[in-house]
Amino acid sequence: MRILKFWPLLTLLALAGCSGSWGWYVVNPATPAGQRNLMFLLDGLYYTIALSVTAIAISVLLGLLVALPGLARQRPPRVINRVYVELVRAVPILVLILWVYYGLPQVADISISVFWAGVLALAISDSAFQAEIFRAGIQSIDRGQHEAAHSISLSYVDKMRFVILPQAIKRILPALGNQLVYMLKMSSLVSVIGMEELTRRANELVVTEYRPLEIYTVLVMEYLVLILLVSAGVRWLEARMGMSDRR
Amino acid sequence: MPAKKSAEQDSHKPPLICMREVNKFFGTFQALDKVSLDIGASEKVVICGPSGSGKSTLIRCINRLEQHDAGEIMIDGVTVDDSAAARAVLRNNVGMVFQQFNLFPHLSILDNLTLGPVRARGMAPAAARELAEYYLERVRIPEQMQKFPDQLSGGQQQRVAIARALCMEPRIMLFDEPTSALDPEMIAEVLDVIGELAATGMTMIVVTHEMGFAGHVADKMVFMDHGRIVEMAPPKRFFSKPESDRCKIFLQQILRN
Ligand SMILES: Nc1ncnc2c1ncn2[C@@H]1O[C@H](COP(=O)(O)OP(=O)(O)OP(=O)(O)O)[C@@H](O)[C@H]1O
Ligand SMILES: [Mg+2]
């Protein structure tokens with residue numbers, strides 16, 4: 001298993017845990033206090049996953065919408081695609097989160113929850129990358145497929161839906177998996193606007209318990225396990241689709 | 001009297017496909033140079049010529065895979081352009097078979113065949129399936145419907161591609177070197193199917209260098225060079241006494257192989 005790769009790290013942590021300077025009691029599941037703290041930390045998992053999954057779903061759709069004009073034969077839609085991608089890529093995610101949460105409500109005169117501000121910022125930020133992934137994936141499909149779809153009079157939407165995208169998505173699945181992993185990590189930034197996800201929970205516990213080393217170590221492990229699981233899931237999906245791959 | 005009248009009407013009827021001084025440029029390169037060609041209903045035209053002479057471009061302009069820059073193309077009296085009327089005429093009349101088959105690799109044979117009828121013609125899935133079964137029978141690929149394209153031989157794939165085009169029930173079929181990508185032993189099975197199709201009264205334009213097949217099937221032979229139609233004649237005269245030197249040389253080369 002892949003977890004074996006992390007043996008050195010785990011051993012190191014275990015050794016360190018035995019030495020005097022560590023105070024594992026804060027998160028010792030054998031004690032009621034430790035158990036409570038552990039549950040408090042793990043509770044953040046829900047929002048980390050909810051944020052990431054919602055954001056990735058939106059960013060995939062947004063990315064596809066942005067990718068399509070990038071593939072047009074005419075110049076104006078291609079320019080729109082370029083401007084969007086370059087602009088969004090230039091903004092740091094953290095800045096985008098702050099802007100969406102504090103700025104957008106004033107500009108658009110709406111109120112936005114922490115959760116949806118986080119989702120929106122993460123999704124927009126990631127959509128530029130998704131757009132590039134989709135564009136490359138769609139471009140990798142042989143021109144003959146477009147021509148065959150044209151020859152049986154499929155509309156543009158039908159051509160994309162039934163012919164091009166199913167083949168393109170199969171090819172970009174690994175890249176989409178990487179984006180999900182990336183998103184899980186980036187979701188930690190939403191803690192700055194008060195989202196009670198994994199990182200925020202850890203920060204809060206550190207403030208009350210004064211045990212940053214142990215608590216942040218648990219945080220590292222939480223992300224590690226989460227991301228290893230997701231990576232394994234993506235690989236499983238890939239293998240499954242690869243088996244039924246037609247060319 | 002009535003018979004005469006209908007004959008008169010026929011003579012006034014425009015040809016099914018009508019190309020008038022069609023020009024096509026790729027950048028500054030002229031791929032078609034004032035091509036004019038009339039093709040009547042159920043007529044079979046075989047186009048040949050050296051590589052790069054514009055054969056593919058010509059037939060691709062007919063179904064709008066390429067947009068011509070000047071001149072006019074009419075199908076069944078409708079001008080081929082970006083209009084909805086032109087799209088409808090193409091959908092109802094024109095099918096195409098490619099050199100590289102271009103089957104949809106992620107779809108089963110059945111789905112390859114029913115996609116067009118269901119999505120573009122609005123046919124019910126059950127009816128489309130019956131249609132697909134019928135045409136697979138016609139191209140002699142029954143009982144492979146659940147397979148995927150890469151499980152078939154090249155010859156079988158090309159016959160499936162022909163069936164896919166036929167499922168749109170076109171009156172005109174365009175073939176762009178349908179046997180050029182095939183191993184020699186599979187060429188005959190595909191040409192047989194195309195020959196049978198010709199016998200049904202389908203209007204066909206075939207780009208091919210299979211001259212034996214052309215002599216059998218064609219009503220009209222067309223020789224192209226440098227984007228122009230250099231020679232156009234019934235097969236007998238075309239093969240026995242071609243007028244232009246370029247056509248003579250081309251035929252000598254091709255018949256030697
Ligand atoms: N999309 C394109 N962009 C630029 N040039 C093109 C394009 N398509 C075709 N051409 C050029 O136009 C000319 C005619 O091409 P076409 O494919 O019609 O030739 P052809 O007679 O079918 O040749 P072949 O026997 O090799 O298939 C060629 O010189 C080709 O390089
Ligand atoms: Mg060609």
Side-chain angles (χ1 to χ4, degrees), chain A residues 60 64 67-69 71-78 133-177 234 237-247, chain B residues 56 59-60 62-67 84 86-109 111-122 128 147-152 157 160-161 163-170 172-176 181:
Chain A
V60 163
L64 179 57
L68 292 178
L71 295 158
R73 217 176 303 169
Q74 304 86 339
R75 224 178 117 73
R78 287 211 312 269
I133 291 170
F134 268 110
R135 195 166 64 92
I138 293 171
Q139 271 172 342
S140 78
I141 302 299
D142 182 54
R143 209 177 62 160
Q145 294 290 304
H146 291 268
E147 296 180 350
H150 175 98
S151 79
I152 55 167
S153 298
L154 293 188
S155 67
Y156 175 79
V157 172
D158 280 350
K159 174 182 83 173
M160 281 297 167
R161 179 169 158 206
F162 295 106
V163 177
I164 305 301
L165 285 177
Q167 298 183 62
I169 286 172
K170 205 176 270 184
R171 287 191 196 177
I172 65 181
L173 203 66
L176 292 185
V234 171
L237 205 63
E238 259 175 62
R240 236 188 59 144
M241 294 190 85
M243 271 194 304
S244 68
D245 189 34
R246 304 286 159 197
R247 193 164 316 166
Chain B
S56 299
I59 64 170
R60 288 159 62 87
I62 292 176
N63 76 342
R64 201 92 181 137
L65 273 175
E66 305 286 0
Q67 306 179 358
R87 275 202 302 277
V89 153
L90 289 176
R91 181 174 62 239
N92 295 327
N93 290 286
V94 186
M96 185 166 190
V97 174
F98 302 87
Q99 182 175 349
Q100 300 294 342
F101 328 142
N102 294 346
L103 292 175
F104 306 130
H106 61 300
L107 298 180
S108 68
I109 301 306
D111 290 341
N112 264 275
L113 266 62
T114 55
L115 185 59
V118 171
R119 299 303 308 182
R121 297 176 67 200
K147 288 196 177 169
F148 284 80
D150 66 356
Q151 293 171 300
L152 303 184
Q157 288 187 48
V160 169
R164 177 177 66 182
L166 291 176
C167 279
M168 296 297 286
E169 306 197 290
I172 302 163
M173 284 281 278
L174 310 173
F175 293 87
D176 192 356

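We name chains A, B, ... by the order of the sequence lines, and we start the count at 1 in each one. Reckoned from all heavy atoms, side chains included, excluding hydrogens, waters and symmetry mates.
Neither the backbone nor the side chain of Arg121(B) comes within less than 4.5 Å of any heavy atom in chain A. For Met168(B), the part lying near chain A is the side chain, with the backbone staying farther off; criterion is any non-hydrogen pair under 4.5 Å. Heavy-atom distances place no part of Val97(B) under 4.5 Å from chain A, backbone and side chain included.
Annotation: side chain of Met96(B) is not in contact with side chain of His150(A) (no heavy-atom distance under 4.5 Å). By the 4.5 Å heavy-atom criterion applied to side chains, Phe104(B) and Ile152(A) are counted as neighbours.
Formation of a donor-acceptor pair under 3.5 Å by the Asn102(B) side chain with backbone atoms of Gln145(A) is not found in this model. Between the His106(B) side chain and the Lys170(A) main chain, no donor and acceptor come within less than 3.5 Å of each other.
Across all their heavy atoms, Phe98(B) and Ser151(A) have their closest contact at CE1-OG, 3.8 Å. Residue Leu154(A) comes nearest to Gly116(B) through the heavy atom pair CD2-CA, 4.3 Å, listed as atom of the first residue, atom of the second, then distance.
Interatomic distance, CZ of Arg161(A) versus CG of Leu115(B), reported as 10.0 Å (0.5 Å rounding).
Checked against side-chain hydrogen bond (donor to acceptor under 3.5 Å, both in side chains), Asp158(A) has the following partners two or more places apart in sequence or in another chain: Arg119(B). For Gln67(B), there are no side-chain hydrogen bond (donor to acceptor under 3.5 Å, both in side chains) partners at least two apart in sequence or on another chain. By the side-chain hydrogen bond (donor to acceptor under 3.5 Å, both in side chains) test, Ser153(A) is found to be paired with no residue, residues two or more places apart in sequence or in another chain being considered.
Of the listed residues Gln99(B), Arg164(B), Gln100(B), the one with more heavy-atom pairs under 4.5 angstrom with chain A than any other is Arg164(B).
Applying a 4.5 Å heavy-atom cutoff, the residues of residues 135-143 of chain A that approach chain B are Asp142(A), Arg143(A).
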